[in-house]
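Notes for the one structure printed next.
Each chain gets a letter, A, B and so on, in the order its sequence line appears, and its residues count up from 1.
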Amino acid sequence: DAKTTQPNSMESNEEEPVHLPCNHSTISGTDYIHWYRQLPSQGPEYVIHGLTSNVNNRMASLAIAEDRKSSTLILHRATLRDAAVYYCILWYGGTSYGKLTFGQGTILTVHP
Amino acid sequence: GAGVSQSPSNKVTEKGKDVELRCDPISGHTALYWYRQSLGQGLEFLIYFQGNSAPDKSGLPSDRFSAERTGGSVSTLTIQRTQQEDSAVYLCASSLGLAGSTRDTQYFGPGTRLTVL
């Protein structure tokens, strides 16, 4: 299984942008890059996903390197509610039957 | 609309007892997944259903664990003869499309916290 590497923790101030990196050097051509986050005492929540092109939605932006070996989740203006564990996940094209393999993720702390 | 619901939210049981955990997926979602999260650990995939069928049960930790889904809706995860190492948060998720669709999004419930004394 292709693996992802994320920093254990990051800190930000409220209303500042946050860039959460993820390395996935063994990514294959059919792997989608998914981001989920888990707020305290809650189940994980989908954030965004992409394959090759950068993606934007109401929650965040996903910047994918040209060689796809790394990606960055961008929260444009962090709020206290964004404090969570952020998981970068590779979802294998058609062979993983929906199995999301979660790593340890990045604990994001947002300071007021 | 309503999200994924799970019951009970908390369950405390004695070692050796059987427990049943319930998951109500989002209406119309065909795929359903069970994960567990031990204290301070990441999420561990257990099993998935496409409709009422579970094609691969190899993710279940032992033969004390079983799961079923009826009517393409509610699912039950049963743990027989519980052990202390079974203590964890058990999470259920559902998705609209076929399991394994790389575009599909999984919606998670709040989880059931199981404590085995």
Side-chain angles (χ1 to χ4, degrees), chain A residues 1-9 22 24 27-53 55 57-60 62 64 68 84-107, chain B residues 3-7 9-10 21 23-26 29-51 53-60 75 88-113:
Chain A
D1 292 355
K3 293 186 177 180
T4 63
T5 304
Q6 300 177 252
N8 291 331
S9 62
C22 181
H24 29 79
I27 191 171
S28 73
T30 57
D31 289 342
Y32 281 75
I33 302 161
H34 286 250
W35 285 81
Y36 280 72
R37 71 180 185 181
Q38 187 171 21
L39 280 66
S41 301
Q42 295 188 25
E45 172 187 35
Y46 168 81
V47 178
I48 200 168
H49 78 275
L51 182 61
T52 57
S53 302
V55 184
N57 66 20
R58 64 176 180 81
M59 291 182 68
L62 177 60
I64 301 173
R68 301 211 322 128
V85 180
Y86 286 78
Y87 297 98
C88 170
I89 301 162
L90 298 184
W91 198 340
Y92 319 117
T95 62
S96 68
Y97 49 81
K99 171 183 177 180
L100 294 178
T101 302
F102 288 80
Q104 293 303 308
T106 296
I107 300 170
Chain B
V4 177
S5 61
Q6 294 185 246
S7 61
S9 55
N10 282 285
L21 311 179
C23 172
D24 283 89
I26 294 173
H29 278 197
T30 61
L32 185 146
Y33 316 83
W34 283 98
Y35 296 81
R36 74 175 176 180
Q37 187 170 32
S38 302
L39 186 63
Q41 301 296 312
L43 281 83
E44 174 189 5
F45 173 84
L46 299 179
I47 193 171
Y48 89 104
F49 289 88
Q50 184 59 51
S53 174
D56 185 349
K57 301 180 180 179
S58 63
L60 295 175
S75 176
V89 176
Y90 288 82
L91 290 155
C92 174
S94 69
S95 65
L96 181 62
L98 289 172
S101 167
T102 54
R103 297 177 183 79
D104 216 352
T105 296
Q106 294 188 15
Y107 296 86
F108 284 79
T112 292
R113 181 175 298 278

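The number of heavy-atom neighbours closer than 6.0 Å to CZ of A/Arg68, taken from other residues, nucleotides and ligands shown, is above 12. Atom CD1 of B/Ile26 has more than 12 heavy atoms from other residues, nucleotides or ligands within 6.0 Å. Shown here is A/Phe102, whose CZ atom has more than 12 heavy atoms of other residues, nucleotides or ligands within 6.0 Å.
In this structure, A/Tyr36 OH and B/Gln106 CD are separated by 5.0 Å, a value rounded to the nearest 0.5 Å.
Shown here for B/Leu43 and A/Tyr87, the closest heavy-atom pair between the two residues is CD1-OH, 4.0 Å.
The part of B/Gln37 that comes within reach of chain A is its side chain, from C-beta onward, which places non-hydrogen atoms under 4.5 angstrom from that chain.
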